[in-house]
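First the proteins, then the strands, lettered A, B, ... as listed; each starts at 1. Side-chain atoms are counted along with the backbone in the values below, which use heavy atoms only and exclude waters and symmetry mates. Just so we're clear, the structure is a prediction, and the values are computed from it rather than from any experiment.
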Amino acid sequence: MPRQISAPRGTRDLLPEDGPAWERVESVARDLSRRYAFERIEVPLFERAELFARGLGESSDAVEKEMFRVSGARGSDEERAAWALRPEPTAGIVRSFIENGMHVRPGPLRLTMIGPMFRYDRPQAGRYRQFTQWDVEVLGDAGPAVDAELIELGQRFYGELGLTDVVAHVNSIGDAACRPAYRQALVDYFGAHLDRLTDDSRRRLEINPLRVLDDKHLAGDLVDGAPRSTDHLCDECRTHLRGVLDLLDALGVRHVVDHRLVRGLDYYTRTAFEFAIAGHEGQQQALGGGGRYDGLVELLGGRATPGIGFGIGLDRTVLAMAEQEVALPSSAPLVAVVGSGDDHADRLRIAATLRAAGLAIRPDGSTRKLGKQLESAVKAGATWAVIIGAEVADEQVALKNLATGEQSNVAVDLVAASING
RNA sequence: GUGGCCUUAGCUCAACCGGCAGAGCAUCGGAUUGUGGUUCCGAAGGUUACGGGUUCGACCCCCGUAGGCCACCCCA
C-alpha cells in the first residue's frame, strides 16, 4: 500500500456538501458585480515577488513573513526565487492596468475578480494558506462618492446573503501630504511610552509607526491617549473623509469610525475600511477590507491614477453563514430516471429529452430492482422519479413525487411542466 | 514565527494497570422477478497519523516528524 498523501498544510478540499453555500456566495458576488457595472479581469496566480514587495511594502506582514515563494524547475537560484503566489489581488491588477495601457480606456475603470490568494501563514479556523477572495477595484476616480459606493456594495453583499451584524469600520490614514506629520506624532507619543510597548511594537515604531495601533496588547488608556489620524489630516483628506461619511449616512450604510484601523498594507491612502462581524472580538472578525491607494499606480511605474478597492474573504463569509445558520435558497428539483431490466436505451433517451427541457436528471445505470433504484434516488437528493415501464411505447412515463409518494402517468413532453407547475 | 491542547474505521467515539482493536451512524448486499423512507439479517471497512525507542508484549509509556484545533503576531 503506497503511503497516503494528504493535502498541504493550510489547504482544504471543498466537498460536495460545501457546494451549495459556495455557489450561493459566488453567485451573489457575480450578480452584484454585474449590477454595479464591474468588468471581469483575471491576472496570474503568481507574479514576480518584487511586484508584491514594491506594491505592498517591505514591512507589511504579507511580504515580510507570508510570501509564498514558488520556483521554476530550471534557471539560476535567483530566477527561481523570483516568483511568489499572490497574497492579494490589487498589485497584480494594477500591474496589468499599467502593462496593458488601460489608462486610455474610458474611465473610471471598474474591475472585478474572484480567485484564490496565498499566504504562508500559520493555519487556523478561518485562516488558510489558500483562500478565496471576491475583489473589486475602481481606477481613475478620486472622489469620495466611489468610496461610499464600495462600502455600500460590501454591506449589500452581506445583506443579500442574509448575514446580519456586519459593520463597516472606516478610517482615513491620510496621504503623502499629511501622513508624515501624523507618523511623527505617533513616534513622539509612543516613544514616550516605550516601556509599555511590546517588542514587536517597538520594532514597528521604527519601520511603520501606524501599525503600533494594531497591537492588541496596547493598554486602553494608551490607545485613548494616542494621536488620531483624523486629527492630523490635511484639508483635502479631511474633506474627503467628511464626504465619505456624509454619503454613508445619506445611504443609511451601517458604519463606525475606527481610529485604530490602519490596515496592514503600505499602499493605502486616505480611506481604509474593513467589514467586521460581531461575536468575533479579536479573532477572525474581518470578513473583508479595502481602501484607497492613490499612489500605487505611480509607485509601480504607471502614470498617476487614483484607485480604490476591496477584497472580501469568501471562506470567512461561508463560515459566518454556517455559524449564523443562514438559510440557502432551495435548489432546482433533481429528477431520477429509473427503469427495469436492461432498458437503458429508453432511460438515457428520456433523460436527454428532459435535460433538453431544462431539468436536472440523474439516470440510474443499474439493473437493480426498482425499490433499490428509488432508494438510491432519494439518497442522492432526488425529489422526483420518472419511472419507465411498458407505457414508454406511447411516450408515457410514471412521474412520482418522492416527497409525497403521489404518482401518475404523464406524457414525456409534459414532465417538465408537471414538475415546475 | 511563538505557546497550549489534540490525532483509533468515511463520521462521532470506546478499549480497565501495558495483555487478542470495538460500537453507533454512514456505505454496500439480502428479506419469494414493477415502487423508496420504518424494521430485520448480513458484508465490507484498521500498519491505532507517520518514524524510531523502552518492554516478553505498546492504541496506551518516551523521543522525533506531519497534520488539526485554540490563543498570540497579523489578517481574509
On a whole-Å scale, what distance lies between the C1' atoms belonging to B:G3 and B:A44? 44 Å
P atom, B:G1 versus B:U38: distance in rounded Å? 49 Å
Scan every strand shown for a Watson-Crick or G-U wobble partner of B:A23, both distances under 3.5 Å, and answer none if you come up empty. B:U12
Can you label the angle between the A:Phe46 ring and the A:Trp83 ring as parallel, tilted or perpendicular, going by 30° and 60°? perpendicular
Closest approach to the side chain of A:Arg122, judged atom by atom: which nucleotide of B:A76, B:G34, B:G1 is it? B:G1
Atom pair distance, as rounded to whole Å: CG in A:Leu319 and P in B:C70: 9 Å
Would you please say whether a donor-acceptor pair under 3.5 Å links the side chains of A:Thr90 and A:Glu137? yes
Look at the side chain of A:Arg202 and the backbone N and O of A:Leu197, then say whether any donor-acceptor pair between them is shorter than 3.5 Å. yes
Round to a whole Å and report the spacing from CD of A:Glu375 to C1' of B:C28. 10 Å
Roughly how far apart, to the nearest Å, are B:G51 and B:C25 at atom P? 33 Å
Categorize A:Gly341 for me: base, sugar-phosphate, or nothing, with a 4.0 angstrom heavy-atom threshold over every strand shown. nothing
May I ask you to evaluate whether A:Lys379 reaches the phosphate of B:C28, defined as a side-chain N or O under 4.0 Å from OP1 or OP2? yes
Nearest whole angstrom, please: distance from the C1' of B:G1 to the CD of A:Glu66. 10 Å
Quick one: is the NZ or CZ of A:Arg292 closer than 6.0 Å to the six-membered ring centre of A:Tyr268, and within 45° of its axis? no
Strand partner of B:C72, provided both Watson-Crick or wobble distances fall under 3.5 Å: B:G1
The Watson-Crick or G-U wobble partner of B:C59, with both key distances under 3.5 Å, is none
Taking the minimum atom-to-atom distance to the side chain of A:Leu402, which one of B:G34, B:C75, B:G36 wins? B:G36
Just how far, in rounded Å, is P of B:A76 from OH of A:Tyr268? 6 Å
I want to verify a distance call: between B:A31, B:U35, B:C69, whose nearest atom is closest to the A:Lys400 side chain? B:U35
In whole Å, measure the gap between the P atoms of B:C16 and B:G4 for me. 28 Å
Counting the atoms with a prime plus P, OP1 and OP2 as sugar-phosphate, which does A:Ala382 contact under 4.0 Å by heavy atoms, base, sugar-phosphate, or nothing? nothing
Nucleotide opposite B:U65 in a Watson-Crick or G-U pair, distances under 3.5 Å: B:A49
Contact class for A:Gly10 (heavy atom, under 4.0 Å): base, sugar-phosphate, or nothing? sugar-phosphate
A:Gln130 CD to B:G67 C1', in whole Å, measures 17 Å
B:G67, OP1 or OP2 - any side-chain N/O from A:Arg9 closer than 4.0 Å? yes
Short side-chain N/O contact from A:Gln124 to OP1 or OP2 of B:A71, under 4.0 Å: yes
For the side chain of A:Glu274, counting heavy atoms from C-beta on, which of B:G34, B:G4, B:A76 is nearest? B:A76
When all nucleic acid strands are considered with a 4.0 Å heavy-atom cut-off, which category describes A:Ile387: base, sugar-phosphate, or nothing? base
Nearest to the side chain of A:Gln133, which nucleotide is it out of B:G34, B:G36, B:A76? B:A76
Can you see if the side chain of A:Arg368 gets near the phosphate of B:G29 - specifically, an N or O under 4.0 Å from OP1 or OP2? yes
P-based separation of B:G45 from B:G10 [nearest Å]: 11 Å
Base, sugar-phosphate, or nothing: which does A:Gly288 touch, judged by heavy atoms less than 4.0 Å apart? sugar-phosphate
So what does A:Ala336 touch, heavy atoms closer than 4.0 Å: a base, only the sugar-phosphate, or nothing? nothing
Separation of A:Leu374 atom CG from B:G36 atom P, in whole Å? 7 Å
Can you tell me if the side-chain N/O atoms of A:Lys372 get under 4.0 Å from OP1 or OP2 in B:U27? no
Please determine, for the side chain of A:Asp121, which listed nucleotide (B:C69, B:G1, B:G34) has the closest atom? B:G1
Taking the six-membered ring of A:Phe118, is NZ or CZ of A:Arg129 closer than 6.0 Å to its centre and within 45° of its axis? no
Which of parallel (below 30°), tilted (30 to 60°) and perpendicular (above 60°) describes A:Trp134 and A:Phe157? tilted
Whole angstrom is fine here: how far is it from OH in A:Tyr158 over to P in B:A76? 10 Å
Remember a base hit wins even if backbone is also touched, and classify A:Glu88 as base, sugar-phosphate or nothing at under 4.0 Å, heavy atoms. nothing
Assign the ring pair A:Phe273 / A:Phe275 to parallel, tilted or perpendicular, where the plane angle (0 to 90°) is split at 30° and 60°. perpendicular
Distance in angstrom units between A:Gln373 CD and B:U33 C1', rounded: 14 Å
State plainly whether the residues A:Asp315 and A:Arg12 are in salt-bridge range, i.e. N to O under 4.0 Å. yes
